[in-house]
Q: 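Below you'll find the structure I mean.
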2 protein chains.
Amino acid sequence: MTTQSDDTQPSAPRTSPPGPGSAALGRPTLQQVAALAGVSRATASRVVNGGAGVRLHVQAKVRKAVEELGYVPNPAARTLMTRRHDAVAVVVAEPESRVFSDPFFAQQLRGIGRELSAAAVQLVLLLVTDAGDYAQVGRYLAAGHVDGALIFSLHRDNPLPVMVDRLGLPVVYGGRPEWGEPGSIPLYVDTDNRGGARAAAEHLVARGRRRIAVITGPLDQTSSVDRLDGFRDVFPNFPDSDPDLLVEGDFTAPGGRRAMERLLDRSPDLDAVFACSDLMAAGALAVLAERGLRVPEDVAVVGYDDSDTAAQWASPPLTTVRQDIEEMGRLMARLLLNRLQLEFDGRPDEAAALTSVVTPAELIVRRSS
Amino acid sequence: MTTQSDDTQPSAPRTSPPGPGSAALGRPTLQQVAALAGVSRATASRVVNGGAGVRLHVQAKVRKAVEELGYVPNPAARTLMTRRHDAVAVVVAEPESRVFSDPFFAQQLRGIGRELSAAAVQLVLLLVTDAGDYAQVGRYLAAGHVDGALIFSLHRDNPLPVMVDRLGLPVVYGGRPEWGEPGSIPLYVDTDNRGGARAAAEHLVARGRRRIAVITGPLDQTSSVDRLDGFRDVFPNFPDSDPDLLVEGDFTAPGGRRAMERLLDRSPDLDAVFACSDLMAAGALAVLAERGLRVPEDVAVVGYDDSDTAAQWASPPLTTVRQDIEEMGRLMARLLLNRLQLEFDGRPDEAAALTSVVTPAELIVRRSS
DNA sequence: ATGAAAGCGCTAACAT
DNA sequence: ATGTTAGCGCTTTCAT
C-alpha cells in the first residue's frame, strides 16, 4: 500500500485521540477513501475529479467508498493546490443605500445567480455601505478569495476600478465604467441608454410635446449622462435652450418628487417630463396629481426601466423604456466566466479579445404619454 | 536559520523555473517574509496574527517585510489549518422569484451585511431558484465552505432545515421555521406577527368597521399563519363566521388584486380589508379604485410591512404595520456570530443557551383607514 | 493505468 | 520569546 511513515500513519502528535486514517470524528479524507477502496490517493483523486484514465472497474470501487464514507472534498485543500476558488465576488457600492431598494439591481443579481449556479460557481456578495468598507473589500479581493469580480453602479470617483486593476483581478462591470487605470480596457455589460432615451424623446415629439423637462440621474454616472445625450440627439440645444427644464435627480422616488416640484415652480408651462427612472417618474406623478395636473392631458410623463412596481402599477401606468435586466446579469456572469476559463486554460490572447456588450432598449407605450 | 532540505530550498521539481522562496512570480509567502525579516516562519505568523508574545522590535522588522513584499496571507492555507472560513452563507429560497422584488428582503440583507462586515466575515449569497438548486446548495454547505448559514422565508416543505440539521451546520433562520429535524431547536429571529396583526384588527374595530376581510399570505409559512392568528385574537370566530371574508394571497401585488376581486364578488358589503403585506394592499387598492369604491370612506385598508414604495407612496398612503427589518437582519447575523464564537472557543453549553429573538411590530396609521 | 513522492502556504504543539 | 517540526487534505509530476 503506502509507506510506513506516510500520512496513513502519521506519528499522531495532534491534540485529540482520533487516530490517523481512522473512522474517528471529523470528515473523511481522500486518504480514507483510497484506503477503503484499496487504491492510492492519486487514483482516488482522479476518480473524484472525473475519473479520466482510470479503469471503470476501479472507478466503481472508489465511488462506492466515497458513497460509503460520505466523502466530500475539502475545498480549502483543493484551492491550495489548484489556485481556483470557483467563486466570484459581486461588489455593490450603495453609498446612498439606494441600490437595494431599486428593483433593477435585484433582477440583475438574479440573472447573475442563475448563470453562476449553472457553472457551479459561488456568488460572494460584497456590500459597500460606507467609505471604510472599500479598504475591507480591497483586502478581501487582494487576499485572493475569488477568481474574479462583478462590479456595479459606479460613480466617477469610485476607487474600485483602480483597485482591481492594480490587483490584476478579472472584472466585468455592470454599466460602462468611467475608466479604470489608464491603459487598461474595462470589460462591461451596458444597455443602450442613449438609444432608449432617444426613443423616449422621439415619442414625446411625435405626441406633439414641445416643452419637455428632463429629470436626469446622478450625472457622475455614465448611464445618466448617456440618457441625457440620447435626449439631446433629438433636442441638440437642450438644455441651453432652456436651463430651467433640466433637473439632476438621484434615481429615487423622493428625489423625483423634489425635482418635479422644482420644475413646476420654474416652468409651470411644461407639457412633458422625461424622468430617467421609473422611481423618479412615480415621484413626479405624485406631485402632478397634487397640483391638479392631469397625466397625460396636461403633462405627459415617460419613465425608464419598466420596473413592474413603479411603472406598471403607477396611475396612469407609465410609458417607459424597457431593458432585459436579468439578461444583462446573465451576460455579465457569462463574460466573466469565459474570461476566467480562457485565462486558466492559458489563452490570454483569446481572453483579451473578449468584448463588452451593449443590450438593446425598447420603448413601452402606456397611458402616461 | 532553517535546515537544508526544508522548503526554503525545496528540490524544485515543479514545472516552472521560479525558484523556492525566490522573488519570482506569484504572491509572496510567509516564508519569504520570514526570510526577509530574518526570523522563523512561526514568528512571522505570530506577528501577522496580532503579534502576541513577540518583542515589538521583532514585530517591526516583520511588519516592514510584510509591507515591502506586499504580503497578504493565503486564506485557503489558513483555512486548511484553522478550519475557519470567516464566511457565512445567506440562503434565499425564492421559488416564486418573489423574495427579491420584495423590499423586505433587501433591507434584511443590508442589516446582515452591515453586521458581518463589522466582524470581517464574508457573506456568501446562495440563491435557490429552482428545485434542482437545493442539491447544489446542499453540496456547497456540506463541503464546508462556510462557518454557518442564515436561511430565509421557508415554506413548510422546504428541505433546507433538515439538510443543515444533518450537517450540524450552525444556522439562524429569518422567521420562525416550521421545525427542523425533530429534537433540534432552531434558532431564529422573527417579528411579532401576531401582535402586529392584532393591532391592525383592533384599529379597524376602533374605526367602527365590522365586515372586515383578510387577505393572508401563503398559509404554509409561519408568518402568514401568525398574522391570521393575531387577527383572530380579536375575531375568534373568523373565518368560520363568514368564510367568504378570507382569501389566501401570495404576498405579491397581482395576488392582492386577484384576492380583492374575489372578495368583492363574494362580499360586496365588506367595509374593510386587512392585507397581510403592503404589496397585496397596493393591489387591493387598485381594484377598489377601479370599482369606484372610496378608501377609507367605503372600504378601509390596512397593510403590513410599511414598505416605503408600496405603503408610503400608495394613494391614499397605507395604514400598516412596521417592523425594524434592517435590525432583524443585524440580529440574525449577530446571533450566528455569537454562536460561532462560542462554539469555536469550546463553550458548546453557552452556545446552546443562545435564544431566539422576536422583535416588536408597530401600527402606523395613515389615511387608508 | 496506477502508485510514490513532493509540496501548495499556513498554524500550532513542542522544545528551547 | 523564538525556532523546529509536523502536518491540514489535496493535486500532480514522474516513474513504473
Side-chain angles (χ1 to χ4, degrees), chain A residues 1-16 18 20-21 26-35 37-59 61-62 71-84 143-144, chain B residues 1-16 18 20-21 26-35 37-59 61-62 71-84 143-144:
Chain A
M1 287 208 137
T2 36
T3 62
Q4 237 286 11
S5 68
D6 191 12
D7 43 359
T8 317
Q9 292 295 336
S11 36
R14 287 258 140 222
T15 325
S16 36
R27 287 163 43 165
T29 71
L30 192 58
Q31 175 70 311
Q32 295 174 37
V33 171
V39 300
S40 72
R41 230 157 67 224
T43 297
S45 174
R46 288 183 188 110
V47 173
V48 169
N49 291 289
V54 178
R55 282 175 308 185
L56 284 83
H57 158 249
V58 177
Q59 287 197 36
K61 277 198 307 190
V62 174
Y71 169 76
V72 184
N74 178 322
R78 181 177 269 175
T79 293
L80 194 53
M81 255 336 265
T82 63
R83 272 107 213 302
R84 292 199 73 163
Chain B
M1 292 202 119
T2 36
T3 62
Q4 236 288 8
S5 69
D6 191 14
D7 42 1
T8 317
Q9 292 295 336
S11 36
R14 288 258 140 223
T15 326
S16 36
R27 289 164 41 164
T29 70
L30 191 57
Q31 175 70 310
Q32 297 174 34
V33 172
V39 300
S40 73
R41 231 159 63 223
T43 297
S45 174
R46 288 185 188 108
V47 173
V48 168
N49 292 288
V54 178
R55 282 175 307 186
L56 283 83
H57 156 250
V58 177
Q59 287 196 35
K61 278 197 308 188
V62 174
Y71 170 77
V72 184
N74 179 321
R78 183 176 267 173
T79 293
L80 195 53
M81 258 329 272
T82 62
R83 270 109 213 300
R84 291 198 76 162

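No hydrogens, no waters, no symmetry mates; every other heavy atom, side chains included, goes into these values. So you know, we letter chains A, B, ... as the sequences are listed, proteins then strands, and number each from 1.
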Q: Write down the atom of B:P75, the atom of A:G144, and the distance for their closest heavy-atom approach.
A: CG-O, 4.2 Å
Q: So how far is it from A:S40 OG to A:Q31 CD, rounded to the nearest 0.5 Å?
A: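 Spacing of OG (A:S40) from CD (A:Q31) equals 9.5 Å.
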Q: Please give, in whole Å, the distance from C:dG7 P to A:M81 CE?
A: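 One finds 11 Å between P of C:dG7 and CE of A:M81, rounded.
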Q: Please give the angle, rounded to 10 degrees, between the axes at the start and the end of the helix from C:dA1-D:dT16 to C:dT16-D:dA1, where five pairs define each axis.
A: 30°
Q: Which nucleotide sits closest to the side chain of B:T82: C:dA12, C:dG9, D:dG9?
A: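 My answer, after comparing the listed nucleotides, is C:dA12.
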Q: Specify the separation, in whole Å, of atom CZ of A:R84 and atom P of D:dT12.
A: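 Rounded to the whole Å, the gap is 11 Å.
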Q: Return the nearest nucleotide to the side chain of B:R55; candidates are D:dT11, C:dT2, D:dT2.
A: D:dT2
Q: Name the residue closer to the 5' end of DNA chain C, choosing between A:V54 and B:P75 according to the nucleotide with the nearest heavy atom.
A: A:V54
Q: How many angstroms lie between atom NZ of B:K61 and atom OG1 of B:T43, to the nearest 0.5 angstrom?
A: 9.5 Å
Q: Where the side chain of A:S40 is concerned, which of D:dG7, C:dA4, C:dG9 is the nearest nucleotide?
A: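 The answer is C:dA4.
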Q: May I ask you to verify if any side-chain N or O of A:R83 is less than 4.0 angstrom from the OP1 or OP2 atom of C:dG9?
A: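 For C:dG9, OP1/OP2 do have a side-chain N/O of A:R83 under 4.0 Å.
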Q: State whether the side chain of A:Q59 and the backbone N or O of A:V54 hold a donor-acceptor pair below 3.5 Å, judged by distance alone.
A: yes
Q: Rounded off to whole Å, could you give me the CG-to-C1' distance for the B:L80 and C:dA12 pair?
A: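 Rounded to whole Å, this separation is 13 Å.
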Q: Separation of B:Q31 atom CD from D:dT4 atom C1', in whole Å?
A: 12 Å
Q: State, to 0.1 Å, how close A:A76 and B:T79 come at their nearest heavy-atom pair, and which atoms those are.
A: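 Reported closest heavy-atom pair: CB-CG2, 3.7 Å.
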Q: By nearest nucleotide on DNA chain C, pick out whichever of B:A76 and A:H57 is the more 5' one.
A: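 Of the two residues, A:H57 wins.
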Q: Rounded to whole Å, how long is the line connecting atom CD of B:Q59 with atom P of D:dT2?
A: 9 Å
Q: Mind checking the CZ-CG spacing from B:R78 to B:L30? Nearest 0.5 Å is all I need.
A: 9.5 Å
Q: Just to be sure I understand the geometry, which residues of residues 42-50 of chain A put a non-hydrogen atom under 4.0 Å away from DNA chain D?
A: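 Nucleic-acid contacts, sorted: A:A42, A:S45, A:R46, A:N49.
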Q: Send over the distance from A:R78 CZ to D:dT12 C1', rounded to a whole Å.
A: 13 Å
Q: Kindly give the heavy-atom pair with the smallest separation between A:R27 and A:Q32, and that separation in Å.
A: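 Scanning both residues, the minimum pair turns out to be O-NE2, 4.2 Å.
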Q: Can you give me the closest heavy-atom contact between A:V62 and A:A37, atom names plus distance?
A: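 In terms of heavy atoms, the two residues are closest at CA-CB, 3.8 Å.
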Q: Taking CZ from A:R41 and C1' from C:dA5, how many angstroms apart are they, rounded to a whole number?
A: 9 Å
Q: Less than 4.5 Å apart, side chain to side chain, heavy atoms only: is that true for A:N74 and A:T29?
A: no
Q: Can you tell me how far P of C:dA1 sits from NZ of A:K61, to the nearest Å?
A: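 Going from NZ in A:K61 over to P in C:dA1 covers 15 Å.
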